[in-house]
Amino acid sequence: MKRLLYVAGAALIGWGGYGLFTTTRHPLPLRWLKFFLGAQLGNDLLVIPVAIAVGAVVARVMAPRWRPYIVSGLIITGAIGIIAYPLIGGYGLRGDNPSIQPLDYPRGLLITLASVWAGIVVTAVVRERLRRGGAGTAGSGPRPAAAADGPGRTTPAAPADR
Amino acid sequence: MVRRPPALNRALTAVLHRPLPVPPERLRRGPFTAGRFTSGLHTERVAASLGVWLGIAFGVCFLTGLISHFLQHQPHWATAFPSRPVSFYRVTQGLHVATGLASIPLLLAKLWTVYPKLWSWPPARTLAHAVERGSLFILVAGAAFQLVTGLMNVMGWYAFRFFFTPAHYWTAYITIGALLIHIGTKIAITRRALFTTDNEDPPSRPGALSRRGFLTTVGAAAGVVTLATIGDTAGPLSRISPLAVRRASVGPQHLPVNKSAKSARIQESVVAATFRLVVSGPDTRSLSLEELRGMPQHDAILPITCVEGWSAVGHWSGVRLRDLLEQSGIAGDRWVRVESLERGGLYRSSEVSPALARDPLTLLALRLGGEPLALDHGFPCRLIAPNRPGVLQTKWVHRIVAL
């Protein structure tokens, strides 16, 4: 099974490389390589170090109780930010074709992030209240994992349009 | 598989697993230092969960991508590809793009989780370890390449300056190949991490996100990304998708456009004055726009589905392609090529298989939503066929040739 996966995997890599360097009509390989390496290096040396640095700052300035919720919100915000980046920058807009990127994206980003953070706040308040209520009434000794629990479903579901 | 003599097998194993020299300790600095990454989430179990999600997502992207490739390039052995349901390609391509976008937070989370391994010491323990890391390099670069170029292409942002389609297509094989190797090396660890019951999470430190909290958050991020963008193909959801690249109702005659007449250098006055449609076959005909309008007109409600993932339904009417072909005596088993007035461009003509050319829903459309086609939609006439990528729905048609 393992060996089969290795052989099939190597064959597919070879097939892809062969196609990339032989059957395309355009001068592809060098520019391709730039992006192939660039996407990886950008991730390893920029995106993830930045995420780690932000996490470190949050750990320093936020109270432990609210920190998991903030971290959750920041993770979702980061994902949205990446998707929205070209839209906010107007990359891809073409003067001759107004049907490309026709929406008000700064507004769209605000609405999306506002819904996400509203979802985070609601989740945080509800869970913290439940936890306090639970600890007060249950009285069945300590709840070891509870304090460390992250937020539950933070999906704010619908970033409503208006 | 060829059975190697046991002696050779042993020798190979020995070479692969012989420890490599360890670099001098004084080079072990910065992120290589032990204990540099303190989060309790850099675990096999988190990596395994995210890996399974990503494996499924990349599998879906690969299969739907292959469908898109073969529908676009229609090798002649694929002529039997059914033209029903008419929205099949709309669904597979919408799924392709949505899954790709949702994979962005999944991949970033996965790479963050295993990030300490990038800085493991020594960098390569054995030859086998070095080979495995090499294949991982291909996997990560390929996955990042696919998601970055895919996102840019969806946005219409062609800053990569190479032709997207072959680059994305061939890199898919490289990525999936590296993924199969990765699955081979990790399948045992993944099983152990996900299916054994005795690995309860250690209690996380106060203020730290738990494993469950982290995975839920990453899933939520993928969900929010999907909801915020899915409206460019799922019309009813467009109101909750403030970050969709298209809106199905925005464009000339309330339908989006990919290539404008201006960028194709088509001028309405010139077209209107000189237009003739030539159908070239045993009995070649040349028709004016008036003659086309005088032929039996038929309706078709069909989507325009762009390879970039957006799609929108139009109410088209015009002449059936098969009527035109019959009129010129073109036999039912012939492929035809439909040519545009465009002077150049990769998509100035497209080929139509015998079955699709005779499909009653395949039209040379003259009208959209009851009005004559807007110039941007291909005035005076365009091809519209079921289950066909938008780039092959040739606009500004002026010649049809039997092949």
Side-chain angles (χ1 to χ4, degrees), chain A residues 2-3 5-6 8-9 12-13 15-17 19-20 24 26 28 31-32 35-37 39-40 43-44 48 51 64 67-68 71-72 75-76 79-80 82-84 86-87 91-92 96-97 99-103 105 108 111-112 116 144-145 147-155 158-161, chain B residues 1 101 104-105 108 111-112 115 118 138 140-141 144-145 148-149 155-157 160-163 166-167 170-171 173-174 176-178 180-181 183-184 203-204 206-210 212-214 216-217 220-221 223-225 227-229 239-240 242-243 245-247 250-251 256-257 260 262-263:
Chain A
K2 237 179 166 179
R3 214 171 275 188
L5 284 169
Y6 293 157
L12 279 177
I13 292 175
W15 170 240
L20 203 57
T24 52
H26 300 262
L28 187 59
R31 287 179 190 160
W32 175 85
F35 256 76
F36 191 71
L37 299 178
Q40 162 138 24
N43 175 73
D44 286 346
I48 293 190
R67 218 168 90 201
V71 169
S72 284
I75 290 172
I76 303 175
I80 297 288
I82 288 171
I83 307 293
L87 296 167
Y91 301 112
D96 61 306
N97 187 352
S99 73
I100 296 177
Q101 301 186 10
L103 309 179
Y105 294 104
I111 292 168
T112 310
V116 167
D149 258 10
R153 272 225 82 78
T154 43
T155 331
D161 197 28
Chain B
M1 201 142 295
L101 291 178
I104 291 174
L108 286 172
L111 293 178
W112 175 83
Y115 194 64
L118 179 65
I138 297 177
V140 176
F145 178 94
V148 169
T149 55
M155 300 290 173
W157 180 21
F160 34 73
R161 291 174 56 236
F162 47 71
F163 185 29
W170 291 111
T171 309
Y173 287 114
I174 295 176
I176 293 295
L180 291 184
I181 294 176
I183 292 171
S204 33
L209 206 52
S210 67
R212 200 164 288 179
F214 178 61
T216 306
T217 301
V224 174
V225 164
L227 278 177
T229 54
R239 292 174 64 87
I240 60 160
L243 298 176
V245 188
R246 301 286 189 141
R247 180 161 286 188
V250 175
V257 168
S260 71
K262 194 174 170 207
S263 69

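A note on names: the letters A, B, ... follow the listed sequences, proteins ahead of strands, and every chain is numbered from 1.
Proximity of a side-chain donor or acceptor of A:Gln40 to a complementary backbone N or O of B:Ala144 within less than 3.5 Å is not detected. Judged purely by atom type and a 3.5 angstrom limit, B:Tyr173 has no side-chain atom pairing as donor or acceptor with the backbone of A:Gly17. B:Arg247 places no side-chain N or O within 3.5 Å of a backbone atom of A:Pro102 that could act as its donor or acceptor partner.
Residue B:Phe160 touches chain A through both its backbone and its side chain, counting heavy-atom pairs closer than 4.5 Å. When heavy atoms are compared at a cutoff of 4.5 Å, B:Leu118 approaches chain A solely by way of its side chain, counted from C-beta outward. In this structure, the portions of A:Asp96 lying under 4.5 Å from any heavy atom of chain B include both its backbone and its side chain. For B:Val250, the parts lying under 4.5 angstrom from a heavy atom of chain A are both the backbone and the side chain. With a 4.5 angstrom heavy-atom cutoff, B:Ile104 touches chain A only via side-chain atoms.
Counting heavy-atom pairs under 4.5 Å between each of A:Ser99, A:Gly92, A:Gly108 and chain B puts A:Ser99 at the top. The most heavy-atom pairs under 4.5 Å with chain B, out of A:Val71, A:Leu37, A:Ile100, come from A:Ile100. Ranked by heavy-atom pairs shorter than 4.5 Å toward chain A, the options B:Pro105, B:Ser263, B:Ala141, B:Gly156 are led by B:Ala141.
Taken from CH2 in B:Trp112 to CD1 in A:Ile75, the straight-line distance is 7.5 Å, to the nearest 0.5 Å. Separation of atoms CD1 (A:Ile111) and CD1 (B:Ile240) is listed at 12.0 Å; rounding is to 0.5 Å. With rounding to the nearest 0.5 Å, the separation of CG in B:Leu227 from OG1 in A:Thr112 is 9.5 Å. Between the CG atom in A:Leu87 and the CG atom in B:Leu243 there is a gap of 6.0 Å [rounded to 0.5 Å]. Once rounded to the nearest 0.5 Å, the distance linking CD1 of A:Ile48 with CG of B:Leu111 reads 5.0 Å. The distance from the CZ atom of B:Phe145 to the CZ atom of A:Phe36 is 8.0 Å, given to the nearest 0.5 Å.
Checked options A:Ile82, A:Ile83, A:Ile76; the residue passing with B:Val225 is A:Ile83 (criterion: side chain to side chain contact (heavy atoms under 4.5 Å, CB included)).
With contacts defined as side-chain heavy-atom distances shorter than 4.5 Å, the pair B:Trp170/A:Trp32 does not qualify.
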